[in-house]
Amino acid sequence: MSAEARPVAVVTGANRGIGYCLAAGLGRGGFRVVVHARTQEKAAGAVAELSAKVEEGRFEPVAAELADPEAIAGAAEEILRRHPRIRVLVNNAGITNWDRRTTVEGFEETLAVNHFGYVRFTEPLLPALRAEAEAQGEARIVSLSSGLHAKALDLGILEDPARYGGRKAYAQTKLLNLLHAFDLDRRLEGTGIS
């Protein structure tokens, strides 16, 4: 199968850990995989490693800092330019900060990356997912969460530095990942995107 004929998967945070393993598995499964990382250097490094292990030509890099909405928009534009149809989007990238940090927009950084990053990366790619679902009958969005979502009871910790805890902030974002996935499922019902 030519590289152009392969279904496309996009995996965020694919330069290490779960995302790297998912990218490798998707590549082995016949997908052309867009490998996202925070920097072009990390994305290109992961592509080189994956290409050596799986097969050259199945992987391509894209970079975006998920705390930066402009970087996300640029990466999404780049992906859409290359791939008008996407079969699978895996929202995997995430961080845990032990000290409270804020983004340029003033958001707590764990929230910005782990939740807003998923939303801001998914929304502009929906047309390509819809195009794939119309052409092939299905497309899929996978958003990784964590069992820690069950400990997410205090959203105030994201705004109050005195109450901040890295593990608590992470748990909050994992609950928000689930809520976003449930909302997407409701909004996309009947489109062929699951």
Side-chain angles (χ1 to χ4, degrees), residues 1-97 103 109-110 112-133 135-136 138-146 173 177 180-181 184 193-194:
M1 181 184 297
S2 71
E4 294 77 31
R6 296 182 200 285
V8 174
V10 178
V11 182
T12 68
N15 60 305
R16 61 188 181 120
I18 293 169
Y20 181 90
C21 293
L22 285 169
L26 287 163
R28 284 188 196 101
F31 282 82
R32 178 156 184 79
V33 184
V34 178
V35 175
H36 161 267
R38 279 182 166 184
T39 67
Q40 190 62 35
E41 180 182 54
K42 288 179 180 182
V47 164
E49 285 180 26
L50 288 162
S51 295
K53 289 180 182 178
V54 179
E55 183 181 321
E56 184 100 29
R58 291 207 180 189
F59 304 94
E60 60 186 66
V62 70
E65 169 53 65
L66 294 187
D68 179 351
E70 289 181 21
I72 295 169
E77 269 182 41
E78 184 180 335
I79 292 166
L80 291 172
R81 247 190 329 272
R82 291 189 242 159
H83 305 291
R85 292 181 14 205
I86 297 170
R87 177 83 51 92
V88 177
L89 167 62
V90 180
N91 289 309
N92 164 71
I95 62 167
T96 303
N97 288 333
T103 66
E109 189 179 44
T110 307
V113 171
N114 295 8
H115 176 58
F116 295 154
Y118 280 24
V119 174
R120 288 172 169 165
F121 211 83
T122 300
E123 292 298 322
L125 298 181
L126 285 175
L129 288 151
R130 280 192 181 98
E132 180 70 6
Q136 298 298 319
E138 67 177 340
R140 183 168 301 237
I141 301 168
V142 178
S143 294
L144 275 72
S145 184
S146 163
T173 66
N177 292 157
H180 178 239
L184 276 173
I193 304 172
S194 59

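At least one side-chain heavy atom of Arg130 sits less than 4.5 Å from a side-chain heavy atom of Ile193. Side-chain contact between Asn177 and Leu144: absent, with no pair of heavy atoms (C-beta onward) separated by less than 4.5 Å. Residues Val8 and Arg82 are not in side-chain contact: their nearest non-hydrogen atoms beyond the backbone lie 4.5 Å or more apart. A 4.5 Å side-chain heavy-atom check between Leu89 and Phe121 finds at least one atom pair inside the cut-off. Side-chain contact between Pro61 and Gln40: present, with at least one pair of heavy atoms (C-beta onward) separated by less than 4.5 Å. Taking 4.5 Å as the limit, every side-chain heavy atom of Arg140 sits out of range of all side-chain heavy atoms of Val90. The side-chain heavy atoms of Val54 and Arg28, taken from C-beta on, include a pair separated by under 4.5 Å.
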Determine whether Ile86 and Ile79 satisfy the following criterion, side-chain contact (heavy atoms from CB on, under 4.5 Å), listing intermediate values before the conclusion. CA-CA 9 Å; Ile86 297 170; Ile79 292 166; 3.8 Å; yes
Please walk me through it: do Thr103 and Asp68 pass side-chain contact (heavy atoms from CB on, under 4.5 Å)? CA-CA 8 Å; Thr103 66; Asp68 179 351; over 6 Å; no
Take Asn114 and Ile95 through the side-chain contact (heavy atoms from CB on, under 4.5 Å) test and state the conclusion after the steps. CA-CA 7 Å; Asn114 295 8; Ile95 62 167; 3.7 Å; yes
Taking it one step at a time, do Glu65 and Thr39 satisfy side-chain contact (heavy atoms from CB on, under 4.5 Å)? CA-CA 7 Å; Glu65 169 53 65; Thr39 67; over 6 Å; no
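Surrounding CD of Glu123 are more than 12 heavy atoms belonging to other residues, nucleotides or ligands, all under 6.0 Å away. Applying the 6.0 Å contact sphere to CD of Glu56 captures no more than 12 heavy atoms from other residues, nucleotides or ligands. By the 6.0 Å contact criterion, CG on Leu126 is enclosed, its count of non-hydrogen atoms from other residues, nucleotides or ligands being greater than 12.
Considering Leu26, Leu50, Val10 in turn, Leu50 is the only one that fulfils the side chain to side chain contact (heavy atoms under 4.5 Å, CB included) rule with Val35.
Note that the CD atom of Glu109 and the CG atom of Asn97 stand 4.5 Å from one another [nearest 0.5 Å]. The structure places NZ of Lys53 at 10.0 Å from CZ of Phe59, a figure rounded to the nearest 0.5 Å.
Side-chain atoms of His36 come within 3.5 Å of backbone atoms of Gly13 as a donor-acceptor pair (strictly under, hydrogens ignored). With hydrogens and angles disregarded, a donor-acceptor distance shorter than 3.5 Å links the side chain of Arg58 to the backbone of Gly27. Under the 3.5 Å distance criterion, the side-chain polar atoms of Arg32 are matched with a main-chain donor or acceptor of Gly57. Between the side chain of Thr12 and the backbone N or O of Ala93 there is at least one donor-acceptor pair closer than 3.5 Å. Judged purely by atom type and a 3.5 angstrom limit, Tyr118 has no side-chain atom pairing as donor or acceptor with the backbone of Gly94.
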